[in-house]
Undergrad: 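Take this structure, written in structure tokens, and hold onto it; I'll ask about it next.
Reckoned from all heavy atoms, side chains included, excluding hydrogens, waters and symmetry mates. A, B, ... follow the sequence lines: proteins, then strands. Residue 1 opens every chain.
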There are 2 protein chains.
Amino acid sequence: MASKLKKNPITLKESDSSVSSIEDAMSKTQDGRLYNEILDAILDHRLSPGVKLKEDELSSIFSVSRTVVRRALLRLAHDRIVDMQPNRGATIIRPDVYKAREILGVRRLIERELIKEATLAATPESLNALKLCVESERDQVRRQHIGSGLRLSGDFHIRLAQLSNNSTLLSYLKELVPQTSLIIAMYQTPHHTLCSHQEHFDIIDVISTGDVSAAQEVMDRHLVHIEEKLDLGNERSPGDLFSAFAHVKNEVE
Amino acid sequence: MASKLKKNPITLKESDSSVSSIEDAMSKTQDGRLYNEILDAILDHRLSPGVKLKEDELSSIFSVSRTVVRRALLRLAHDRIVDMQPNRGATIIRPDVYKAREILGVRRLIERELIKEATLAATPESLNALKLCVESERDQVRRQHIGSGLRLSGDFHIRLAQLSNNSTLLSYLKELVPQTSLIIAMYQTPHHTLCSHQEHFDIIDVISTGDVSAAQEVMDRHLVHIEEKLDLGNERSPGDLFSAFAHVKNEVE
DNA sequence: CACCCACTGAATGTACACAACATTGAGGCG
DNA sequence: CGCCTCAATGTTGTGTACATTCAGTGGGTG
């Protein structure tokens with residue numbers, strides 16, 4: 001059992017994650033830290049769809065008790081980021097094509113509203129802070145830190161949503177972003193599937209004009225672009241054995 | 001400590017709740033049962049906004065260990081139905097006016113989309129089943145079972161949403177309905193604030209015509225009516241000491 | 001040879017004990 | 001007389017042991 005420790009290359013980056021992640025006040029308890037760790041791993045594509053998250057392994061890796069692991073997993077399950085069946089443990093979701101379209105559709109619905117409210121509430125200062133965030137994203141990608149780039153790309157959407165002061169829709173988006181990350185992991189095409197940071201800069205520009213409809217239009221197109229870059233036509237993602245043989249091992253939902 | 005058992009009048013209606021509640025497959029584990037019990041109590045207005053949910057008390061009342069109680073509370077916290085602060089326990093949320101408007105606004109956004117998809121996916125059979133549900137709701141109210149009527153009223157919206165096959169938006173609505181129930185409890189005016197079942201019948205009728213825009217219009221008006229029946233002008237709900245002295249005891253968020 | 005069933009091992013569900021933290025009240029001090 | 005300190009108490013956070021369930025396996029039988 002102890003030999004399984006090195007099986008997973010997840011490093012726990014103490015202070016880094018609590019800074020980079022948007023989740024702020026919840027890191028006080030241990031399960032909040034673990035929750036963020038797993039979330040970051042998913043956003044960075046270090047954890048793939050379909051991976052089984054065994055409680056013993058996680059407790060070994062992060063040196064916490066199963067109690068803490070269970071809490072973290074329960075939260076992820078409630079976010080619909082992992083799937084928990086009674087007595088059968090937790091696995092990272094593998095959205096099928098139908099579900100993927102559903103999630104992306106909900107994102108469009110919700111972000112259309114969020115950007116409307118954000119546009120009405122934006123100030124020059126908050127937009128500048130947002131711009132800095134996108135620049136950092138761009139720099140990470142240039143340095144070939146694709147994983148961090150991906151996470152920061154999600155961060156942009158969440159920070160943008162925070163401008164709106166709509167905490168309900170914000171909490172939904174916080175679930176949708178990791179789900180989208182998993183969808184990208186499953187259905188990405190050879191060409192890059194990152195949010196283009198240029199589009200992020202464009203979005204900031206439109207918001208600063210105060211034109212709500214235009215902002216909604218740009219955001220919607222941005223999300224459609226993401227969807228178009230995916231290969232949602234045929235179900236399996238190329239080169240992924242898990243997808244190719246999904247019907248053998250587990251016929252999900 | 002054992003003497004506190006009789007303090008809370010919550011009865012645990014074994015089989016009843018698992019039938020009446022929409023939550024279906026989750027009642028296998030004990031925490032799912034407790035989760036549904038608390039949710040039903042909120043929907044029936046047997047539990048009010050601001051009530052402290054102590055782990056020991058709940059574990060005594062329902063004869064389960066604190067482990068189970070904690071899981072249930074954690075789920076409720078994630079639904080934003082209870083508020084959990086580290087080391088400070090769980091209390092049922094008390095949405096202020098701003099938050100109340102936000103939640104009702106999100107409901108309108110989400111149900112507008114849900115009824116669109118439901119209209120496109122509806123069949124005569126599914127609509128008939130829905131009609132039976134509303135009739136049962138009407139009968140409960142006629143028999144003065146206001147609590148059950150309230151819960152069934154929420155059930156209508158959820159069952160309607162289930163027609164749409166959009167599980168993401170459905171899960172959001174499952175959080176929004178109890179939140180709405182708490183808002184109604186806080187801000188209800190002397191005249192009845194139930195969803196009028198007549199409007200529910202109307203909604204079913206419009207859906208059966210297949211006219212999406214009309215259905216959206218009717219649903220939107222229905223939700224606006226609910227909001228209009230509330231007294232969101234002045235914050236306190238009449239006769240509720242908790243609200244009246246909220247600024248003294250705890251200045252929430 | 002294929003199918004069925006009991007067994008076994010591993011993983012999860014639950015309970016309880018202890019530790020850490022927050023709240024509150026009394027007492028002392030300024 | 002009011003304020004501060006600190007201990008007592010209650011409540012939550014965490015770790016661990018035990019119970020339960022499930023999946024895989026091996027042997028037996030039709």
Undergrad: 5'-most contact on DNA chain C: A/A90 or A/T67, nearest heavy atom basis?
TA: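 Result: A/A90.
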Undergrad: Please report the distance, rounded to the nearest Å, between CZ in A/R66 and C1' in C/dA15.
TA: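 Going from A/R66 (CZ) to C/dA15 (C1'), I get 12 Å.
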Undergrad: Under a 4.5 Å cut-off applied to non-hydrogen side-chain atoms, are A/V97 and A/Y187 in contact?
TA: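 Yes - at least one pair of side-chain heavy atoms lies under 4.5 Å apart.
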Undergrad: Out of C/dA15, D/dT14, D/dT12, which has the shortest distance to the side chain of B/Q30?
TA: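 The listed nucleotide nearest to B/Q30's side chain is C/dA15.
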Undergrad: Is the shortest side-chain N to carboxylate O distance from A/K54 to A/D56 below 4.0 Å?
TA: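 Here A/K54 does not pair with A/D56 in a salt bridge, since their nearest N and O are not under 4.0 Å apart.
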Undergrad: Let me know the distance between CD of B/Q85 and P of C/dA22, rounded to the nearest Å.
TA: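 Distance check: B/Q85 CD to C/dA22 P gives 12 Å.
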Undergrad: Need to verify one output field. Residue with the more 5' nearest nucleotide on DNA chain D, A/V68 or B/E55?
TA: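 Between the two, 5'-proximity favours B/E55.
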Undergrad: Using the side-chain heavy atoms of A/N87, tell me which of these nucleotides is nearest: D/dC22, D/dT14, D/dA17.
TA: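 The closest nucleotide is D/dC22.
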Undergrad: CZ of A/R71 versus P of C/dT12: gap in Å, rounded?
TA: 18 Å
Undergrad: What integer distance in Å separates B/K54:NZ from C/dT23:C1'?
TA: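 Those two atoms, NZ and C1', are 11 Å apart.
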Undergrad: Take the protein atom CG of B/L58 and the nucleotide atom P of C/dT14, then report the distance between them rounded to whole Å.
TA: 16 Å
Undergrad: Return whichever of A/S65 or B/L53 has its heavy-atom-nearest nucleotide of DNA chain D closer to the 5' end.
TA: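 It is B/L53 whose nearest nucleotide is closer to the 5' end.
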Undergrad: Taking B/R101 first and then B/E227, would you say they form a salt bridge - that is, a charged N and a carboxylate O separated by under 4.0 Å?
TA: yes
Undergrad: Taking only the side-chain nitrogens and oxygens of A/R88, find out if one of them lies under 4.0 Å from OP1 or OP2 of D/dA23.
TA: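 Answer yes for this pair, as a side-chain N or O of A/R88 is under 4.0 Å from OP1 or OP2.
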Undergrad: Could you check how far CG of B/D56 sits from P of D/dG10, rounded to whole Å?
TA: 11 Å
Undergrad: Whole angstrom is fine here: how far is it from CG in B/D31 over to C1' in C/dT14?
TA: 10 Å
